[in-house]
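The analysis underlying the following values was restricted to heavy atoms, covering all of them including side chains, and did not include hydrogens, waters or symmetry mates. Below, chains carry the letters A, B, ... as their sequence lines are ordered, and counting in each starts from 1.
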Number of protein chains: 2
Amino acid sequence: METEFIKQKLAEKGMKITPQRMAILEAIYELNNHPTAENIIEFIRKTYPNVAIGTVYKVLETLVENGLIKKVTTDRDFMRYDGVLDNHHHLYCSTCDLIEDYHDAELDELLKKYFEAKNIPGFKIEEFVLQIKGTFNKC
Amino acid sequence: METEFIKQKLAEKGMKITPQRMAILEAIYELNNHPTAENIIEFIRKTYPNVAIGTVYKVLETLVENGLIKKVTTDRDFMRYDGVLDNHHHLYCSTCDLIEDYHDAELDELLKKYFEAKNIPGFKIEEFVLQIKGTFNKC
DNA sequence: TTTTTAAATAAGAATAATTCTCTTTTAAGA
DNA sequence: TCTTAAAAGAGAATTATTCTTATTTAAAAA
């Protein structure tokens, strides 16, 4: 992956560019499987064997705060992170921890229209994520 | 809440009826706010001051396994539990930890029809939950 | 009703993910 | 090149949750 692309992402948000931040953001893009902090640490240690665990957590927090990545909701006790920012939904495997992205502009439009017509009293909608739970044939 | 109602829920699943299990299940129904284990412990200690924390976690696990409650997905690092089992969606507050239920049969029907027509290759759908993120006027 | 026993609970130690503290290092503007 | 605020490293601390073991109990059997 282009180093410049990663640098630009950080620069756009006015973040200081460090090798650790670049490696972590790149890991999330490369892994592209809603990795945990542990997955990310394992990945970047191939290149940066000495990166501190605390640093990874701190960088992840900073990336979330700056809107470069998002936390993924799960019913497990470890956090997962998503580098895909455009509107999309998630397929959750019932038999393993796999979470895949599901992009569907038609569905987005359907939901948007539905909630334009039907508003929820006392609540202002910011975004939808449809969690689709089931099983992958491959699992 | 009716003691008999709670007892019946446990009995239906062939679970041994104990005061702790009854108190915990009742707490989830009474609180009705997707409580954490800590919320539940606080609630039941009014009645059972000596209930062990480990017991609460064990009972919650057993209730989930037996399908009497569900885990609620969040992007926080503590688990929340839901005693409402029929199909519904969740309103997540962006500014606090409030999660409210959103029941909408019309939406359920819309989604069901949509995914009957459009199947997802390699994936067998079991259920949908729409996460609606935004802000409550009251928050 | 009493006995029996597998299952459940209490208590607290152990674990694992995450956060914090403090010292050293470094990115980037002056 | 110098300066300095911010970031990283190291490892201790914290917190939610799980595990272990002895004790108690629900509920089936006698």
Side-chain angles (χ1 to χ4, degrees), chain A residues 3-4 6-27 34-45 47-66 68-69 71-81 97, chain B residues 3-4 6-27 34-45 47-66 68-69 71-81 97:
Chain A
T3 285
E4 279 311 314
I6 303 287
K7 277 190 185 171
Q8 192 192 327
K9 288 283 176 191
L10 294 168
E12 272 169 11
K13 301 292 180 177
M15 295 175 70
K16 196 180 276 190
I17 293 162
T18 69
Q20 291 87 344
R21 285 178 171 181
M22 290 179 61
I24 291 164
L25 188 53
E26 181 167 18
H34 315 93
T36 63
E38 202 192 337
N39 298 149
I40 293 164
I41 290 164
E42 190 187 350
F43 185 90
I44 64 179
R45 283 212 164 146
T47 319
Y48 296 91
N50 300 318
V51 71
I53 289 173
T55 298
V56 174
Y57 281 101
K58 193 68 179 48
V59 167
L60 288 169
E61 186 189 319
T62 310
L63 291 172
V64 170
E65 280 168 3
N66 283 279
L68 283 177
I69 63 174
K71 291 181 173 183
V72 178
T73 66
T74 71
D75 60 5
R76 301 296 302 279
D77 57 359
F78 38 76
M79 195 56 60
R80 297 178 65 161
Y81 298 90
D97 285 332
Chain B
T3 284
E4 279 311 315
I6 304 286
K7 278 189 185 172
Q8 193 193 326
K9 287 283 174 190
L10 294 169
E12 272 170 10
K13 300 292 179 175
M15 295 176 69
K16 197 180 274 190
I17 293 161
T18 68
Q20 292 86 344
R21 285 177 171 182
M22 290 179 61
I24 290 164
L25 188 53
E26 180 167 18
H34 314 93
T36 63
E38 202 192 338
N39 298 149
I40 293 164
I41 291 164
E42 190 188 350
F43 185 90
I44 64 178
R45 284 215 164 143
T47 319
Y48 296 90
N50 300 318
V51 72
I53 288 172
T55 299
V56 174
Y57 280 101
K58 192 70 178 48
V59 167
L60 288 169
E61 186 189 319
T62 310
L63 292 172
V64 170
E65 280 168 3
N66 284 279
L68 284 176
I69 62 174
K71 292 181 172 183
V72 178
T73 66
T74 70
D75 61 4
R76 301 296 301 279
D77 56 0
F78 37 77
M79 196 55 62
R80 296 178 67 161
Y81 298 90
D97 285 332

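- Each side-chain hydrogen bond (donor to acceptor under 3.5 Å, both in side chains) pair with one or both residues in residues 12-21 of chain A, not counting sequence neighbours, appears once here: Gln8(A)-Glu12(A).
- Between Met15(A) and Thr62(B), the residue whose closest nucleotide on DNA chain C is further toward the 5' end is Thr62(B).
- The end-to-end axis angle of the helix from dT1(C)-dA30(D) to dA30(C)-dT1(D), rounded to 10 degrees and based on five pairs per end, is 40°.
- Within a 6.0 Å sphere centred on CD of Glu42(B), heavy atoms belonging to other residues, nucleotides or ligands number 12 at most.
- Checked against side chain to side chain contact (heavy atoms under 4.5 Å, CB included), Ile17(B) has the following partners two or more places apart in sequence or in another chain: Lys7(B), Leu10(B), Ala11(B), Met22(B).
- Counted within 6.0 Å of CD on Glu65(A), heavy atoms from surrounding residues, nucleotides or ligands total more than 12; the atom is thus considered enclosed.
- Summarising the geometry, the separation between CG on Asp75(B) and P on dA17(C) is reported as 19 Å, rounded to the nearest angstrom.
- A side-chain contact (heavy atoms from CB on, under 4.5 Å) with Arg80(A) holds for exactly one of Thr73(A), Asp97(A), Asn39(A); it is Asp97(A).
- One finds the CD1 atom of Ile44(B) at 11.0 Å from the CG atom of Leu25(B) (value rounded to the nearest 0.5 Å).
- Atoms CZ and CD1, on Phe43(A) and Ile24(A) in that order, are 12.0 Å from each other to the nearest 0.5 Å.
- To the nearest 0.5 angstrom, Met15(B) atom CE is 12.5 Å from Lys9(B) atom NZ.
- One atom, CG of Leu63(B), and another, C1' of dT9(C), lie 15 Å apart when rounded to the nearest Å.
- When the P atom of dA6(D) is taken as reference, atom CD1 of Ile17(A) falls 16 Å away, rounded to whole Å.
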Requested in this report: Any chance you could list the contact pattern along nucleotides 8-23 of chain D? Use B for base contacts, S for sugar-phosphate-only contacts and - for none, protein heavy atoms under 4.0 Å, 5' to 3'.
Outcome: SBS-----SBBB----
Throw together a table of side-chain donor-acceptor distances under 3.5 angstrom for residues 48-64 of chain A, partners on residues two or more places apart or in other chains.
unit_1	atom_1	unit_2	atom_2	d
Thr62(A)	OG1	Lys58(A)	O	2.8

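- Here Lys71(B) contributes atom NZ and Thr74(A) contributes atom OG1; the two are 9.0 Å apart, rounded to the nearest 0.5 Å.
- Taking atom NZ of residue Lys16(B) and atom C1' of nucleotide dT25(D), one finds them 7 Å apart after rounding to whole Å.
- A pairwise comparison of heavy atoms in Tyr81(A) and Val72(A) identifies C-CG2, 4.0 Å as the closest pair.
- Counting to the nearest Å, the P atom of dA16(C) and the CD1 atom of Ile41(A) are 15 Å from each other.
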What nitrogen or oxygen pairs link the protein and nucleotides 28-30 of chain D at under 3.5 Å?
none

